[in-house]
**Student:** 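Just passing along the structure, written as structure tokens.
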Amino acid sequence: MSCSFKNCKSNSLDESECRIEAKTVLPKREFDESKLCIRWRSDGEAKFHKDCWNDVLKLSRSRAKKKDGPNMSHQEKVLVKEAAKSFEQFDSFQHVCREAKRVAKMITSSKHCVAFTGAGISTSAGIGDYRGKSGKWTEMDQNSLDVDSVFEKNEPETKKRKTQPEATVTPQTGEEDDDNEGDGVPYESLRPTYTHEALYKLLQDGYLHYIISQNGDGLHGLSGVPQDAISELHGNVFIERCESCGKRYERDFYVMDDISSQYYEELEDYGKTDIRKPKHAVKCKRCGLCHRTGRKCEKKGCRGYLIDSIINFRDHLEDEITDRATANASQCDLMLCLGTTLMVTPASDFVELGKHPLRLVICNRQETYMDSVCAEKTKDGQQLGSRVFGDCDVFFREVMKHILDPESLKRWEDDRGKRMKKYDKHRS
């Protein structure tokens, strides 16, 4: 691995070092890359030493040209500005190990530890996040950026390259593989990550008391977490409930009816659709989509329509689920915020409900508005929380080394293969 900043003094970049990863939108037309200060990859990605990234940001903000040293063109400043919106940070492995040891002690000494999880704990399972450098919302924003118009039309014929080959499907269309469901995610084939399993292990051993999750992928449940130990604020694609009696059903298959929702989406967007309206379909007055799944309640004497549990934009969170989240967050003396930017409200509000002074552990790749809280100290100078930039799986592998004894850790990690077979059977 090498640093993408052409003016880097060492050039080499080790994965164990503190680093920055960023992604921009390159023009589709040919351009002269020799004029750029950064070696952007063809997909717009770049990696930097942290100091080099800071130098890049300074260059992008500089108005005056320097006689000595690099100068950044207006065009590349646009590229850097876009990359700066979603860049990801990775602490050195040494820092991760040091903080993991501290956090393990915090977890084992906590009386009511709660985990607050986001999309970042599922990325290693194959699910994209939302606000990362390649996240769903990031790509939607970048697709609306007209970079080609920024670059000059007349450039020298030397050292040009075509950055983005013609594609049959582009992110802008929203089209995905037809075999995949739910924004292209094959939910039935997803399996719990190391972090999912670690949280369930902590729950089993009594160190973790509750999980509040923004994820709807069902991976917490698949790892073994019972429904009374988790509040899935935004629902679960494997859970449906009766709209009449409220009975809940946890399935081993994806329950949502995407066809009915697409029917209403196309009517809203285009005024017409070729999709034939399913008989059970009913448009939700709040989100405008269809929550009915096409199945009916199996409770004797009910037969009400079943609806999915997913919370779409403008939908209301379920009271029973938020009540349990509020009760546990209020008792919390240690909150583990994992894989989340804490940007989605009202979900992120639960993080601030714990006992004061707040003890927060935050592990993700991007800054959050609560980062400074992690660095606060007690009267005797002890740091209250911990802040780690990086992957949750890497962090929790180190945390578990300090919670389980070596023999128990080896046995638990070696049994992951058996657990995978169990997950496969549950989702078959």
Side-chain angles (χ1 to χ4, degrees), residues 1-62 65-66 68-99 120 123-124 128-129 131-135 138-139 142 145 147 150-151 155-156 158-165 167 171 363-367 388-395 397-398:
M1 186 190 302
S2 60
C3 181
S4 299
F5 185 40
K6 292 180 181 179
N7 211 46
C8 174
K9 295 178 181 178
S10 64
N11 194 33
S12 63
L13 178 60
D14 193 287
E15 282 198 354
S16 64
E17 293 181 84
C18 181
R19 70 184 190 278
I20 300 294
E21 296 188 4
K23 186 176 182 180
T24 192
V25 183
L26 295 179
K28 294 179 180 178
R29 61 182 297 275
E30 293 182 348
F31 67 97
D32 188 351
E33 60 182 316
S34 67
K35 292 183 176 181
L36 303 183
C37 297
I38 299 168
R39 300 183 191 90
W40 300 99
R41 286 188 354 184
S42 60
D43 59 0
E45 295 211 15
K47 297 180 181 180
F48 308 87
H49 294 101
K50 190 170 184 179
D51 289 342
C52 290
W53 173 248
N54 289 333
D55 288 341
V56 165
L57 292 179
K58 288 177 183 178
L59 281 173
S60 70
R61 295 164 186 155
S62 177
K65 286 190 176 182
K66 299 178 181 178
D68 299 320
N71 285 293
M72 188 174 288
S73 66
H74 166 70
Q75 289 89 343
E76 191 166 22
K77 286 181 179 180
V78 173
L79 302 185
V80 172
K81 183 179 179 181
E82 191 61 31
K85 294 177 182 178
S86 59
F87 72 92
E88 299 176 347
Q89 305 182 54
F90 295 83
D91 284 326
S92 69
F93 187 62
Q94 182 181 13
H95 176 81
V96 171
C97 291
R98 183 172 60 248
E99 290 304 294
T123 51
S124 62
D129 58 21
R131 302 181 191 279
K133 62 182 174 63
S134 300
T138 302
E139 289 191 346
Q142 289 182 343
L145 185 67
V147 179
V150 178
F151 276 69
E155 291 184 324
T158 58
K159 296 185 179 179
K160 289 184 178 181
R161 75 173 179 184
K162 184 83 171 171
T163 60
Q164 296 180 8
C363 178
N364 77 334
R365 298 178 178 183
Q366 295 176 307
E367 295 178 351
V388 173
F389 286 99
D391 295 329
C392 294
D393 286 353
V394 173
F395 180 53
R397 278 193 174 88
E398 299 306 313

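Quantities reported herein were computed from a predicted structural model and do not represent experimental measurements. All values below come from the heavy atoms of this structure, side chains included, with hydrogens, waters and symmetry mates left out.
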**Student:** Given M72, which partner from the list L36, L79, V56 fulfils the side-chain contact (heavy atoms from CB on, under 4.5 Å) test?
**Tutor:** V56
**Student:** Where do N7 and P70 come nearest, in terms of heavy atoms and distance?
**Tutor:** ND2-CD, 3.5 Å
**Student:** Can you tell me how the ring of W40 sits relative to the ring of F48, calling it parallel under 30°, perpendicular over 60° and tilted otherwise?
**Tutor:**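 Because their plane-to-plane angle is over 60°, the rings of W40 and F48 count as perpendicular.
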**Student:** Considering only heavy atoms from C-beta outward, does the side chain of E367 approach that of F389 to under 4.5 Å?
**Tutor:** yes
**Student:** Side chain to side chain contact (heavy atoms under 4.5 Å, CB included) between Q94 and R98: does it pass, once the steps are laid out?
**Tutor:** CA-CA 6 Å; Q94 182 181 13; R98 183 172 60 248; 4.1 Å; yes
**Student:** Between K6 and R39 (side chain of the first, backbone of the second, donor and acceptor by atom type, cut-off under 3.5 Å), is there such a pair?
**Tutor:**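 Such a contact is absent between K6 side chain and R39 backbone.
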**Student:** Closest approach of A84 and W53, non-hydrogen atoms and distance?
**Tutor:** CA-CZ2, 4.0 Å
**Student:** Out of the candidates K23, R365, R19, Q366, only one should pair with E88 under the side chain to side chain donor-acceptor pair (under 3.5 Å) rule; please name it.
**Tutor:** R365
**Student:** Test your reading of the model: is there a side-chain donor-acceptor pair from S62 to the backbone of L59, 3.5 Å cut-off?
**Tutor:**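 No, S62 side chain to L59 backbone: no donor-acceptor pair under 3.5 Å.
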**Student:** Which heavy atom in H49 sits nearest to a heavy atom in S10, and how many Å separate them?
**Tutor:** CE1-OG, 3.3 Å
**Student:** Can you give me the closest heavy-atom contact between C363 and C392, atom names plus distance?
**Tutor:**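 Result for this residue pair: O-SG, 3.6 Å.
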**Student:** Search all heavy atoms of Q89 against all heavy atoms of I20 and return the closest pair with its distance.
**Tutor:** CG-CD1, 3.6 Å
**Student:** Nearest 0.5 Å please: distance from the CD atom of Q75 over to the CG atom of L26.
**Tutor:** 13.0 Å
**Student:** Please confirm whether the backbone N or O of E17 pairs with a side-chain atom of K50, one donor and one acceptor, at under 3.5 Å?
**Tutor:** no
**Student:** I want to check something: taking the side chain as every heavy atom from C-beta on, are C37 and E76 in contact at a cut-off of under 4.5 Å?
**Tutor:**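 They are in contact (side-chain heavy atoms under 4.5 Å apart), so the answer is yes.
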**Student:** For L13 and C3, which heavy atoms make the closest approach, and how far apart are they?
**Tutor:**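 That would be CB-N, 3.9 Å.
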**Student:** With distance as the sole test, does E398 use its side chain to make a donor-acceptor pair with the main-chain N or O of V96 at under 3.5 Å?
**Tutor:** no
**Student:** Any sub-3.5 Å donor-acceptor pair from S4's side-chain atoms to K47's backbone N or O?
**Tutor:**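 Yes, S4 side chain to K47 backbone: donor-acceptor pair under 3.5 Å.
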**Student:** If you measure from CZ on F395 to CD on E99, what distance do you get to the nearest 0.5 Å?
**Tutor:** 7.0 Å
**Student:** Measure from the side-chain N and O atoms of D43 to the backbone N and O of E45, and report whether any donor-acceptor pair falls under 3.5 Å.
**Tutor:**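 Yes.
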